[in-house]
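Just below is one structure, and these are the notes that go with it.
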Amino acid sequence: MGAVRLHPSAALLCAPLLFACGESKPGAQSKSIAAAFETQSDPAESAKKAGEDMRRLKEKVEADRAKAIVADIDKAATVPESLPADIKTACAEMRAAYDAFVGHRLGGDKAEADRWAVMKDVDLDPAQEFCVAQNNLRFAACQTHAFREAAPGIARERAQELIDTCARKTGAPTRAELKEAERAGKTLKPS
């Protein structure tokens with residue numbers, strides 16, 4: 001039988017295999033196993049580190065989610081180009097949009113929908129009164145737009161943030177600013 005000829009690139013690919021198959025020095029394998037056990041970390045320490053890594057990851061995910069919601073609120077709270085003719089109509093539209101905003105977030109929960117139907121005036125009446133008191137068509141239209149365009153991830157508990165974002169964007173005082181002024185004995189004029 002003659003010599004086997006390999007293509008030069010095949011010879012290059014097979015060369016590492018030839019060297020790897022050579023005999024190792026006696027005890028080399030046992031030394032590498034011993035070294036693996038020496039570098040093995042304490043299981044309790046590894047678990048603690050993994051727990052800390054998981055906690056940091058959860059915090060980062062939550063912070064990113066919170067930033068995304070704030071960005072969605074800011075995006076929804078914009079003043080549309082066309083404004084309603086009068087403040088009472090504008091605030092009535094805002095009230096209807098607020099009601100629909102909450103209705104969409106009830107997710108078909110009949111008990112919650114029934115509760116909202118009975119209790120919604122507790123939230124809607126003050127929001128409408130505040131809207132009218134500001135006498136600011138841009139503020140009212142912004143709120144209507146915000147409630148209609150709010151991303152599904154914006155929970156109903158964040159309705160006040162939508163209102164306050166519109167207030168800041170249109171020069172109206174936020175409820176917190178009004179409460180602070182009231183505490184300080186000052187009165188803020190509607191925008």
Side-chain angles (χ1 to χ4, degrees), residues 51-52 54-191:
E52 284 296 314
M54 184 58 74
R55 182 189 57 76
R56 281 193 294 278
L57 179 62
K58 284 180 182 178
E59 287 173 355
K60 182 186 180 323
V61 167
E62 184 57 33
D64 290 347
R65 190 176 80 71
K67 285 179 189 176
I69 289 172
V70 169
D72 285 344
I73 288 171
D74 189 62
K75 182 179 176 185
T78 58
V79 180
E81 289 183 25
S82 65
L83 300 176
D86 66 278
I87 194 66
K88 289 191 182 208
T89 302
C91 293
E93 288 176 6
M94 180 279 303
R95 180 188 181 107
Y98 188 166
D99 188 17
F101 166 81
V102 173
H104 291 309
R105 276 135 187 91
L106 295 177
D109 184 340
K110 178 141 175 50
E112 278 296 311
D114 291 345
R115 192 172 301 131
W116 175 249
V118 171
M119 299 299 297
K120 66 183 175 181
D121 291 340
V122 171
D123 288 342
L124 298 179
D125 287 349
Q128 187 172 7
E129 290 168 11
F130 183 72
C131 177
V132 171
Q134 297 313 301
N135 196 25
N136 182 331
L137 288 174
R138 294 180 73 239
F139 176 54
C142 178
Q143 290 178 84
T144 302
H145 185 271
F147 286 126
R148 286 183 181 155
E149 300 300 319
I154 300 173
R156 72 188 256 197
E157 293 79 18
R158 299 190 90 146
Q160 189 60 50
E161 290 177 60
L162 287 165
I163 294 169
D164 287 344
T165 302
C166 282
R168 283 190 290 279
K169 287 184 173 187
T170 60
T174 65
R175 289 200 183 180
E177 291 170 340
L178 288 173
K179 285 180 184 177
E180 184 60 35
E182 187 178 297
R183 249 190 306 261
K186 299 177 184 175
T187 39
L188 293 177
K189 296 178 182 175
S191 55

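Summarising the geometry, atom CD1 belonging to I69 is positioned 13.5 Å from atom CG belonging to D74; distances are rounded to the nearest 0.5 Å. Interatomic distance, T89 OG1 to L83 CG, rounded to the nearest 0.5 Å: 12.5 Å. With rounding to the nearest 0.5 Å, the separation of CG in L57 from CD in E62 is 12.0 Å. Between the NZ atom of K88 and the CD atom of Q128 there is a distance of 9.5 Å, given to the nearest 0.5 Å.
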Carefully, step by step, assess D64 and K60 under the rule salt bridge (charged side-chain N to carboxylate O under 4.0 Å, His left out).
CA-CA 6 Å; D64 290 347; K60 182 186 180 323; 2.9 Å; yes

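Between D114 and K110 there is a salt bridge, since at least one side-chain N of the basic residue sits less than 4.0 Å from a carboxylate O of the acidic one. Under the 4.0 Å criterion applied to side-chain N and carboxylate O atoms, E59 and R55 are assigned as salt-bridge partners. Looking at R183 and E180, a side-chain N of the basic residue comes within less than 4.0 Å of a carboxylate O on the acidic one, giving a salt bridge.
Looking at every heavy atom in both residues, T144 comes nearest to A90 through OG1-O, 3.8 Å. Residues F101 and A150 approach most closely at CE1-CB, 3.6 Å, considering heavy atoms. Shown here for D121 and P126, the closest heavy-atom pair between the two residues is O-CD, 3.6 Å. The two residues R175 and F130 have their closest heavy-atom pair at NH2-CB, 3.6 Å. Smallest separation of non-hydrogen atoms from A127 and M94: O-CE, 3.5 Å. Here the closest heavy-atom approach between residue A141 and residue P84 is recorded as CB-CD, 4.0 Å.
Of the candidates K169, H145, E149, H145 is the only one forming a side-chain hydrogen bond (donor to acceptor under 3.5 Å, both in side chains) with T78.
At least one donor-acceptor pair under 3.5 Å links the side chain of E177 to the backbone N or O of T174. Side-chain N or O atoms of R105 include one that pairs as donor or acceptor with a backbone N or O of I154 at under 3.5 Å.
A heavy-atom distance below 4.5 Å is found between the side chains of D164 and Q160. Put simply, the side chain of F139 does not reach to within 4.5 Å of the side chain of I87, judged on heavy atoms. Using a 4.5 Å heavy-atom cutoff, the side chains of R158 and I73 are in contact. Put simply, the side chain of Q143 does not reach to within 4.5 Å of the side chain of C91, judged on heavy atoms.
Classification of the F147-Y98 ring pair by plane angle, with boundaries at 30° and 60°, yields parallel.
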